[in-house]
Amino acid sequence: MRKELNIVLKPEEAFEEKVLRDVLLQKAGIPLQKDDVEVRVLKRSIDARSRSQVKVNIQAEVFVKETPPSRLTNSFNYPNVSDAQQMIIVGAGPAGLFAALRAIELGVKPIVIERGKDVRARRRDLAAINKDHKVNPESNYCFGEGGAGTYSDGKLYTRSKKRGDIRRILEIMVAHGATEEILVEAHPHIGTNKLPKLVAEWRETIRNAGGQVLFDTKVTDFMIEGNELKGVVTHEGEKITGIGVVLATGHSARDIFHLLHNRKVLIEAKPFALGVRIEHSQSLIDQIQYHCKVDRGPYLPASSYSLVQQTMFEGKQRGVFSFCMCPGGFIVPAATAQEELVVNGMSPSRRDSKFANSGMVVAVELEDLPQYQKHGPLAAMEFQAEVEHNAWIYGGKTQVAPAQRLVDFINGKESSSLLDTSYQPGLASVNMHEVLPDFVGSRLKDAFTAFGKKMRGYLTNEAQIIGVESRTSSPVRVPRDKESFEHPQLKRLYPCGEGAGYAGGIVSAAMDGERCAEKLVEQYYRKFN
């Protein structure tokens, strides 16, 4: 017998396993001493809207004299494709790796080409950025196995409405070693400390099925015949061919955008967002969000927030919004070249840092960049690069980041001192209005003032902004047909994921990778069988 229950509990009831079991059995009218009973949580979400008491919504199932079925509703079969026709996948981020896994399921051999290193070797280059301020342009927080998502909070929620596809992605992760909790929590995350192992498991599945994953291999040219893409050329001159190319290079592969433009492959400038990272103490954010006087206690997780505000500047309205909020997290240097300064955020699975940070970014439309229109489809990218270079100069031409206390920023006053920070390379006190373009700094000032009214205590000089946060999404779109996913002019090219402008996170990128693989196989694989 199975019973499904929906119940609202206190945190100490919802997150204490034995207490939760007893409460659910009482709710179901089952004696607590009964042995042949199993309880399983289906969904869990926190409701902190009430100032008097944080509540936890629980959807659970109780099994009496019945073995619970597996949580995994999908089955995954990866046949040996060693001798199958091959497709090329450029980039080993979530989009590329999930495209490869799906290709194998469909009987096609994936050749994944990654400019960076495998996830273990990549760690040495990350240490070099943090400690020695040396940026390896091929291996960093953006490039390497797993892409930018490997060293992030590992957020697994998305705005996509395709719930079945989302569930499938999460179940693939569980099948490769992720905790089943990601199937339960309303806002699941894995954590930067656990993602590398998961990424390595995806790679091993690909290789064990006969696919290839090539590291330290950079695509430097395309093999184009007429209006068809026949393959790619690597930095060593090797030519790799296949039935099609899934281009999943991520939002920071500027050399690929230049290559596409130089080869006269249609690309488009795309709006994106740019701003700063803001860092508070996690205890302050907990006090604001959970309405607690001291700390959140032993049961509640580190709290997060989501903020948005419309702002006006020179008669134009633009949104300012929080991006990739990392509770209990760290700010990290995300530059992909030596003479630029970029910051991003990440969190470990326990989210137990004493800091909370979030991107706080301004929507940048193409009409905001008239002086960059001479760069054509690379206009927004060139603007992005110039801001990052400017931040590098203000930081002292190292990976030390320019920073300013929040109230000082509002008042246009350079901070006499800065706060402790999670950003390992260090901070330099500057007036951030000099680092940021006027329309960005002005909008951030107005938005922070408004956010201080929405979240009492948020606007404080015990918080600081650190810049710049500029890799929120790709500033270039590689267009594709809405139905076929193929490039409208260059056949056999399938633009994919964040770099092409069609995703915005781990799950959405993975979903896009699967769809691109499916579309490519549907169009070209069957013609040869």
Side-chain angles (χ1 to χ4, degrees), residues 78-116 145 147 202-250 253 255-256 259-260 263 265-267 478-481 484-497 499-500 502 509-510 512-529:
Y78 301 108
N80 191 295
V81 293
S82 301
D83 299 323
Q85 289 183 310
Q86 62 189 38
M87 72 161 66
I88 299 165
I89 300 168
V90 185
L97 292 173
F98 273 76
L101 291 170
R102 188 68 181 126
I104 292 168
E105 288 186 294
L106 298 172
V108 175
K109 178 180 179 178
I111 309 296
V112 182
I113 304 173
E114 170 55 49
R115 68 194 299 162
E145 186 177 19
W202 298 337
R203 176 231 305 157
E204 288 308 301
T205 292
I206 294 166
R207 286 182 168 171
N208 289 339
Q212 290 182 259
V213 183
L214 310 177
F215 295 112
D216 298 305
T217 305
K218 186 175 181 179
V219 170
T220 56
D221 202 1
F222 298 123
M223 298 167 61
I224 300 174
E225 296 181 11
N227 68 338
E228 287 199 339
L229 181 57
K230 297 296 187 179
V232 299
V233 182
T234 73
H235 69 290
E236 293 182 338
E238 181 183 3
K239 295 180 178 181
I240 303 175
T241 60
I243 62 172
V245 177
V246 173
L247 190 67
T249 53
D255 57 321
I256 291 294
L259 174 60
L260 290 165
R263 295 289 254 123
V265 177
L266 179 65
I267 59 175
V478 185
R480 69 188 188 193
D481 182 84
S484 70
F485 282 32
E486 192 173 27
H487 190 274
Q489 293 181 351
L490 186 59
K491 299 300 181 184
R492 301 180 188 271
L493 172 61
Y494 286 76
C496 182
Y502 297 100
D512 202 54
E514 286 207 326
R515 289 195 295 266
C516 284
E518 290 166 355
K519 295 289 187 179
L520 191 160
V521 170
E522 179 184 3
Q523 180 65 21
Y524 291 107
Y525 180 61
R526 293 175 182 171
K527 290 183 179 180
F528 295 86
N529 289 274

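Both backbone and side-chain heavy atoms feed into the values below; hydrogens, waters and symmetry mates do not.
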**Q** Output the distance between atom CG (Asp216) and atom CD1 (Ile113), rounded to the nearest 0.5 Å.
**A** 13.0 Å
**Q** Looking at Val246, Ile240, Thr217, Val219, which hits side chain to side chain contact (heavy atoms under 4.5 Å, CB included) with Val90?
**A** Val219
**Q** Show your working on side-chain contact (heavy atoms from CB on, under 4.5 Å) between Phe98 and Asp512 and close with a plain yes or no.
**A** CA-CA 8 Å; Phe98 273 76; Asp512 202 54; over 6 Å; no
**Q** Identify the heavy atoms of Ile224 and Gly226 that sit nearest to each other, and give their distance.
**A** CG2-O, 3.6 Å
**Q** Does any N or O in the side chain of Arg203 come within less than 3.5 Å of the main-chain N or O of Val213, such that one atom is a donor and the other an acceptor?
**A** no
**Q** Is the shortest heavy-atom distance from the side chain of Leu260 to the side chain of Ile256 under 4.5 Å?
**A** yes
**Q** Kindly compute the distance separating CG (Asp83) from NZ (Lys109), expressed to the nearest 0.5 Å.
**A** 7.5 Å
**Q** Could you walk me through whether Arg263 and Asp221 pass the side-chain contact (heavy atoms from CB on, under 4.5 Å) check?
**A** CA-CA 9 Å; Arg263 295 289 254 123; Asp221 202 1; 2.9 Å; yes
**Q** Quick one: do the Tyr494 and Gln523 side chains pair a donor with an acceptor below 3.5 Å?
**A** no
**Q** In Å, rounded to the nearest 0.5 Å, how long is the span from CG of Asn208 to OH of Tyr78?
**A** 12.0 Å
**Q** Short question: side chain of Glu114, backbone of Phe215 - any donor-acceptor pair under 3.5 Å?
**A** no
**Q** Specify the closest pair of heavy atoms between Val81 and Pro110, including all atoms of both residues, with the distance to one decimal.
**A** CG2-CD, 4.2 Å
**Q** Got a donor-acceptor contact below 3.5 angstrom from the Thr234 side chain to the Lys218 backbone?
**A** no
**Q** Restricting to non-hydrogen atoms, name the atom on Ala509 and the atom on Pro94 that form the minimum distance, rounded to 0.1 Å.
**A** CB-CB, 4.2 Å
**Q** Is there side-chain contact between Ile243 and Leu520, with at least one heavy-atom pair below 4.5 Å?
**A** yes
**Q** What is the distance from atom CG of Leu493 to atom CZ of Phe222, rounded to the nearest 0.5 Å?
**A** 7.0 Å
**Q** So, His487 side chain and Leu266 main chain: donor-acceptor pair closer than 3.5 Å or not?
**A** yes
**Q** Just how far is it from atom CG of Leu247 to atom CG of Leu490, taken to the nearest 0.5 Å?
**A** 10.0 Å
**Q** If you measure from the Lys or Arg side-chain nitrogens to the Asp or Glu carboxylate oxygens, is any gap between Lys519 and Asp481 under 4.0 Å?
**A** no
**Q** Against the six-membered ring of Phe485, is Arg515 placed for a cation-pi contact (under 6.0 Å from the centre, within 45° of the normal)?
**A** no
**Q** Do you know the tightest heavy-atom contact between Pro495 and Pro479?
**A** CG-O, 3.4 Å
**Q** Hey, is the main chain of Leu106 close enough, under 3.5 Å, to the side chain of Tyr525 for a donor-acceptor pair?
**A** no
**Q** Can you run down the side-chain hydrogen bond (donor to acceptor under 3.5 Å, both in side chains) pairs that involve residues 97-107, sequence neighbours left out, and say none if there aren't any?
**A** Arg102-Glu105, Arg102-Glu518, Glu105-Arg168
**Q** How close do Val112 and Ala92 get, counting heavy atoms only, and between which atoms?
**A** CG1-CB, 3.9 Å
**Q** Inspect the contact between Lys491 and Glu228 and indicate whether a charged nitrogen and a carboxylate oxygen are less than 4.0 angstrom apart.
**A** no
**Q** Quick one: closest heavy-atom pair of Gly242 and Ile88, and the distance?
**A** N-CD1, 3.7 Å
**Q** Please round to the nearest 0.5 Å and tell me the distance separating atom CG of Leu259 and atom CD1 of Ile267.
**A** 9.5 Å
**Q** Taking side chain to side chain donor-acceptor pair (under 3.5 Å) as the criterion, tell me which of Gln85, Arg492, Glu486 meets it with Tyr524.
**A** Glu486
